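Throughout, protein chains are lettered first and strands after them, A, B, ... in sequence-line order, and every chain is numbered starting at 1. The figures that follow rest on heavy atoms only: side chains count, while hydrogens, waters and symmetry mates do not. None of these values were measured; they are calculated from a predicted model.
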There are 2 protein chains.
Amino acid sequence: MGKEKKYCYEYPRPALTTDCIIFGYDFGELKVLLIERAHEPFRASWAFPGGFVNIDETSEEGAVRELYEETGLQNVFIEQLYTFSDVDRDPRGRVISVVYYALVKQSEYKAVAGDDAAKAKWFSINKLPKLAFDHEMIFDVAIKRLKSKIKYQPIGFELLNEKFTLTELQQLYETILGIDLDKRNFRKKILSMDILIKLDEKQTNVAHKAAWFYKFDKEKYDSSSLFTLLTPK
Amino acid sequence: MGKEKKYCYEYPRPALTTDCIIFGYDFGELKVLLIERAHEPFRASWAFPGGFVNIDETSEEGAVRELYEETGLQNVFIEQLYTFSDVDRDPRGRVISVVYYALVKQSEYKAVAGDDAAKAKWFSINKLPKLAFDHEMIFDVAIKRLKSKIKYQPIGFELLNEKFTLTELQQLYETILGIDLDKRNFRKKILSMDILIKLDEKQTNVAHKAAWFYKFDKEKYDSSSLFTLLTPK
DNA sequence: CCAAAAGTGTTCTTTATACACCCATGT
DNA sequence: ACATGGGTGTATAAAGAACACTTTTGG
C-alpha cells in the first residue's frame, strides 16, 4: 500500500528535488561533503546530499531539512545556486532539482564525521570521485559561483571559525581562488573594509609570535553596501 | 474529459511553471513586457509572461516557448534568474516557478506590439501596474540582477540594435544604473576593452555631427575573460 | 548662423602592486 | 639560539574621476 499512486493531476508533473553542495575548509583544502547512495539509481555512487521537496515546504526549506537529515548540519550559510531541469537528468523519470550551496564553519566541520546516521564524507575538491546523476555539472557551476562570489561578498568567514587570524583568512582566499596573495596588501585591504573586529585575544601554544584573533562584524557589513576584495579579471 | 486527472503519483507533486521578465529599452526608458491575464486567478491583472512547463522540455525551453507563444519574440538573450517556491505563491495550489529574464533588441521591440495574439504591453519600470502572484518580488530580484550584471558583463548590447552609437550605449548604461556617466571616461573605458567594432557607417539625417556606428564583437568577447565596466560599490 | 550632439586629452586622485625586515613564542 | 609564522610601510604603477572646447550637420 506504500506504493499506491493516489496523487493525481490533469497533466504530468515532474518530481521536485533539491540538492546541496556543502563546502568546508580544512587544513588548507577546500572540500565538499558527499553521501554514498544507499539505493538505486547510482547505488554506491557518491552524490551531493539532497532529496525530494515536501509539498508543504519551499525548496530552500527542503534543502535545509535534507542537509540536517543526511549530515546533521544546522544553521549554515545557504544560498540558491541554480535549477537543473534537463529532461533526462534522472533515470527514474522527470525530476528537476533546485540546487543550493552551503558553507560550513570549521567548528561544525568535524560534527559531520561523527554523525553515524549518514555515510557522509568530505572530499577535497581536487580529488572528487565519480558522481551520480548530473552532479559533476552541478559541481562545476557551484565552484564557479563560489570563486566569483568570494571576490565581492564576505562569505569566506562562513568557512572559518567564529574567531580567526588574518593569516587563516588569507589562506582561505588563496585556496579558493587558487592564487597567492601578498600578505601586506591583503591585510591592508581587508582591514580597510572595516568589517572585521579585532578581538582582545591571541593564539596560544604556537611556536611563533601569537596572532590576534578577529571576528566578522556582520552588523557593519549589512549596513554598508557591497565590497570588492579583488578587482575582477 | 479534458478534466480527467489521469497522471498519478505516489507522493504529491507541485506544478512547474516558468516566467520570464522581458526587458526592453526605448527612448531612454527601461521597460518590461507584461501580459494582461485572461483567466483567474488574477484575471485582468498584469503579469510576466509564463506558463506551465511541459513534461518533455527543460524549464528554459518552456520559458523560450512561452515567450514566443505569448509575445512572438524569438532568439532573445535569456538567462535563469531564480526559482520561486513559496508554498502559497499561487492560489491554485503548490506551484513553483523557474524564472528567467530576457533582453530584447530595439529592432524586435516593436514586433511585440504588432502581435495581435497577446495582450502584451510594454511598461516603463518606473510606472508598473500592480502585478499578479508574487511577480512584484520577482521583478525586484530581476532588476537587481540586471543592474549588477551589466557592470561586469556586456549584456547591454542585447538591448540595442545590432548597430549602435557610443552615445546610445552610454545612455543605456545611465538608464539602467540610474547614474550619469562622463562621456570621455565612458568611451575611453569601453573602447579600451576592445569588444566593439567600429563600422564604416555613420548616422544620417541628424541635425548635428553624425556619430559612427559600432557593433559588439562577440568573438573577441568570448575569447577574453570577464570585464568590468564600473568598479562595484 | 544657430542649435544640437559628436568627438577628443590632460591633470589629479585613488587604488593596486611589489617588496624585506624585525618581533614574539615554543622547543 | 633557532625555527616558525606574525606583523608592519613605502615607493611605483595603474586606474578612475573631473573637466571644456572644437567639429559636423540640418534647419
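Distances were taken from every side-chain heavy atom of A:His208 (C-beta onward) to each of C:dT25, D:dT4, C:dA6; the shortest belongs to D:dT4. In the set C:dG7, D:dG7, D:dG9, C:dG7 carries the atom at the smallest distance from any side-chain atom of B:Lys183.
In this structure, A:Tyr101 and A:Phe23 have perpendicular ring planes: the angle between them is above 60°, well past the 30° mark. The aromatic rings of B:Tyr221 and B:Phe216 lie tilted to each other, with the angle between the two planes from 30° to 60°. The aromatic rings of A:Trp46 and A:Phe123 lie perpendicular to each other, with more than 60° between the two planes, well past the 30° mark.
As rounded to whole Å, 13 Å separates atom C1' of C:dG26 from atom CD of A:Gln203. Distance, B:Asp180 CG to D:dA18 P: 11 Å, rounded to whole Å. Atom P of nucleotide D:dT8 and atom CZ of A:Phe186 are separated by 15 Å, given to the nearest angstrom. In this structure, A:Arg187 places its CZ atom 17 Å from C1' of C:dA18, rounding to the nearest Å. As a whole-Å value, the separation of A:Phe164 CZ from D:dG6 P is 14 Å. A straight line from CG of B:Leu191 to C1' of C:dG9 spans 14 Å, rounded to a whole angstrom. One can place CZ of B:Phe213 at 10 Å from P of C:dG7, the figure rounded to the nearest angstrom. One atom, CH2 of B:Trp212, and another, P of D:dT23, lie 17 Å apart when rounded to the nearest Å.
A donor N or O paired with an acceptor N or O is found under 3.5 Å between the base of C:dA20 and the side-chain atoms of A:Arg184. Counting atom types as modelled, B:Lys209 pairs no side-chain N or O with a base atom of D:dT22 as donor and acceptor under 3.5 Å. Contact annotation: side chain of A:Lys188 to base of D:dT10, donor-acceptor pair present below 3.5 Å.
The six-membered or imidazole ring of A:Phe84 lies near that of A:Tyr82, with a centre-to-centre distance under 6.0 Å.
A donor-acceptor contact shorter than 3.5 Å is absent between the side chain of A:Thr83 and the backbone of B:Thr83. Under a 3.5 Å cut-off, the side chain of B:Thr17 and the backbone N or O of B:Ile96 do form a donor-acceptor pair.
Note on A:Lys189: a side-chain N or O is less than 4.0 Å away from OP1 or OP2 of C:dA16. Checking the phosphate oxygens (OP1, OP2) of D:dG6, a side-chain nitrogen or oxygen of A:Thr167 falls inside 4.0 Å.
The shortest distance between side-chain heavy atoms of B:Gln80 and B:Glu60 does not fall below 4.5 Å.
Position along DNA chain C of the nearest nucleotide to B:Tyr214 versus A:Asn205 favours B:Tyr214 as the more 5'-ward residue. Map B:Ala207 and A:Val206 each onto its nearest nucleotide of DNA chain C; the residue landing nearer the 5' end is B:Ala207.
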Report, one pair per line, the protein and nucleotides 12-14 of chain D atoms (nitrogen or oxygen only) whose separation is under 3.5 Å.
none

